[in-house]
Number of protein chains: 2
Amino acid sequence: MATESQKKATVSSTVEDYLKVVLKIEDMKQRASTSRVARHLDVADATVTDMLRKLKKAGLLEYKPYYGAALTPKGRRMAVRILRRHRLLEMFLHQVLGYGWEQVHQEAERLEHAVSDLFISRIDALLDFPAQDPHGETIPDARGFRQVEDDLCLAEAEPGSYSVRKVTNSDPEFLAYLDKVGLRPATRFCLQERTPFQGPLKLLPQSGREPVYLGLEASGSIFVLPLKDRPRAPESDPRAPASRMAGDHAGRSGDEKAG
Amino acid sequence: MATESQKKATVSSTVEDYLKVVLKIEDMKQRASTSRVARHLDVADATVTDMLRKLKKAGLLEYKPYYGAALTPKGRRMAVRILRRHRLLEMFLHQVLGYGWEQVHQEAERLEHAVSDLFISRIDALLDFPAQDPHGETIPDARGFRQVEDDLCLAEAEPGSYSVRKVTNSDPEFLAYLDKVGLRPATRFCLQERTPFQGPLKLLPQSGREPVYLGLEASGSIFVLPLKDRPRAPESDPRAPASRMAGDHAGRSGDEKAG
DNA sequence: GAACTTTATTAGACTGGTCTAAAAATGAAG
DNA sequence: CTTCATTTTTAGACCAGTCTAATAAAGTTC
C-alpha cells in the first residue's frame, strides 16, 4: 500500500551508509571529502575513493577527484529515506519497545537497512506520525520533506532561558548521563553565562520558567543542577561521574565520528 | 538484560540461513545432503559443499563428504535461536503491526538476522510470551526448548472433524487464499473423505462443531465451503480463483522450496 | 562387476567491500 | 617557484560467498 510503483533500485546497506554519511556531512555544511567520509565510516581512505566512484557511476552522487562528493537528487532522496527510517525506528524502539534513548541508535542503525517500507509505514501510523525522534531530531516525512530548523548551538547562546531542542550525539554512555541528570529534548534550563562549550546540545530560546540550571566547568565539562541548587559562581563541582563523562565528550566536540 | 554473558560467536546471516535450513531438513527427518540444502537455499551445489566444510570447521555441524551434514549441539542451538527469532517476529508483525499472515514470513526472514536480543526479549514480553506464531508453528522458548508435536498430515487424516493445527507453507498467495476462505490455525472443519492431498495443512482431530468443509477436487485442488452450503457430493465448483490457486500449490506438495 | 546415471567435489573465476603501501596531486610556506 | 606536508588515488591483495565446468565418487541396472 505504502510505497508502490517506484523503481526499486535496491542498494546494499553499505551504499546506504555511504549516502547517509555524505548527507550528514552536507548538513553540517562541510565538503564531503574522501577522508571525511572515511572517518565517519571508519574505513580506509582508499576504500572511500573506490566507493565514491561507484556511487558516481550509479548516479547517486557527483564526485570530483581530489575534491570530494555531493549528493545528486537521486542520492539525496535515498539518503533522506534512510534518515527517515532511522529516526522513525528510534522513536518506535523508544515508545513501543521501551528502549532508553541511549539504546535506540545502535539498533536503528541495523534495522534501517532491513525493514520493509510496509514496516516503516506501519510504525509511522502506530506512533501517530511523529515529527521528532527521541533525540529531538526531525523525522523527514514520507515524501522526503524535512523542515530544517536553525538550532542554536550551546556555544552561540547568550545567557537566558532555553529549552533543549535536540541532542546530536549518539554515544550511549553520554546520553545515559544526560538522562540521569534530567536533560533531554524539551527540558528547559537557564544558561547563566556564555560558554565556549561546543557540545551536542542544540537549543531553542525560550521565555518561561527555568527548572534546570546548566553551567560549565573550568575544564570545559558541562553540568546541570536543579535551579534551586544553583551555585553562586559556576565553577568546579565535585560531581565525579558527571565531570568525567561530560568531559570525555566535550573533548571530541568538533564533528567526526560523533554519530 | 536478556542474554548476557554468553560467548557471542557472531556469524553472518548467510551462516544462519544454512543452519536454519539444515535444522528444517532434520526436522523433516531427512538427510541434509548437499543437494537438498542447495535446493532449499537456491544456490549451486558446489557452494554448499564449500560452506558445509566451513561450518564443520567452525564446529557448527558434522559433515561427511558424499553423505551430508548434521547439526552439532552448538549448531543446533544457533539454528533454534534463529527459528525462535523468526517465529516471534512473525507473531509481532501480525499482532502489533497488523501484518497479514501471508506477509509476515518475508519480513521476518530479513529481520531475524538484524534485530538484537533485546529487541527479541521486548517483543516476547509485549506479546506475553506467545507459544505459537501466526501459522501455528511452535515458538521455541528463550532457553531453546521446543515441544515437538505429532501433527497429522492432511493426507493421513481419516474422514472426520478436525481443526487446523498449522500451515507449513509460506507462499503469500496461497496463504492469502486460505485466509480469504477462512482457513487458519484453529479453524475447525469436517473432512469428507480421505484425500491424497499432501498439502501444507497439518490437522488436529477435534470434537466439536464443524463450521467448514474441506475437500478435494478431482484435479487435486482443495476448496472450502461453509458447512450449510456443503454439497451432497464433493465435486466440481465454479469457484475459479480458489481452484486455480489451490491447484498451483497442491502440485508442489513434496517438500523442497516450500518455506 | 561393467556401464550408466545421479550426486558430490574440485578447480578456477568473479563480485563487492575492504585493506596496506606506494605514487601522485594539491596546497602552504618560504 | 620550490619544497614540504597533507590529502587522495592507484596498485595489488584478501576474504566471503557465489558461480560454471570438469571430474570423481556412489548408487543402480543388467
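Here is the naming used below: chain letters follow the sequence lines, and residue numbers restart at 1 for every chain.
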Could you work out which one of D:dC19, D:dT8, C:dA8 sits closest to the side chain of B:S33? C:dA8

Give one of base, sugar-phosphate or nothing for A:T49, where a contact means two heavy atoms less than 4.0 Å apart. base

Any Lys/Arg nitrogen of B:D117 or B:R81 sitting under 4.0 Å from an Asp/Glu carboxylate oxygen of the other? yes

Main-chain N/O of B:Q132 paired to B:T138 side chain as donor or acceptor, under 3.5 Å: no

Salt bridge present between A:D27 and A:K24 (N-O < 4.0 angstrom): no

For the rings on B:H94 and B:W101, is their centre-to-centre separation under 6.0 Å? no

B:E107 with B:R110: basic N within carboxylate O range, under 4.0 Å: yes

Ion pair A:D42/A:R39, N-O distance below 4.0 Å: no

Rounding to a whole Å, what distance do you find between B:R36:CZ and C:dT6:C1'? 14 Å

Using a strict threshold of under 4.0 Å (side-chain N to carboxylate O), is an ion pair present between A:K20 and A:E109? yes

Could you tell me the separation between the OH atom of A:Y18 and the P atom of C:dG16, rounded to a whole number of Å? 14 Å

Interatomic distance, B:K64 NZ vs D:dA26 P [rounded to whole Å]: 11 Å

Could you go over nucleotides 20-27 of chain C and give all protein N or O partners under 3.5 Å, atom names and distances?
| unit_1 | atom_1 | unit_2 | atom_2 | d |
| --- | --- | --- | --- | --- |
| C:dA25 | O4' | A:Y66 | OH | 3.3 |

Tell me: CZ of B:R39 to C1' of C:dT7, nearest whole Å? 10 Å

Would you check, one step at a time, whether the test salt bridge (Lys or Arg N to Asp or Glu O under 4.0 Å) holds for B:D124 with B:R84? CA-CA 10 Å; B:D124 192 24; B:R84 169 173 158 80; 3.1 Å; yes

Mind calculating the distance between CG (B:L55) and P (D:dA16) to the nearest angstrom? 12 Å

Do any N or O atoms of the protein come closer than 3.5 Å to N or O atoms of nucleotides 13-15 of chain C, and which pairs are they?
none

Ranking D:dT8, C:dA8, C:dG17 by distance to the side chain of A:S12, first place goes to C:dG17

Please work out whether the ring planes of B:F119 and B:F92 are parallel, tilted or perpendicular, with thresholds of 30° and 60°. perpendicular

Given atom CZ of B:R31 and atom C1' of C:dT6, what is their separation to the nearest angstrom? 12 Å

Grab the CG-P distance between B:L52 and D:dT18 for me, whole Å please. 12 Å

Mind calculating the distance between CE (A:M51) and P (D:dT8) to the nearest angstrom? 18 Å

Between B:R53 and A:T14, which residue's closest nucleotide on DNA chain C lies nearer the 5′ terminus? B:R53

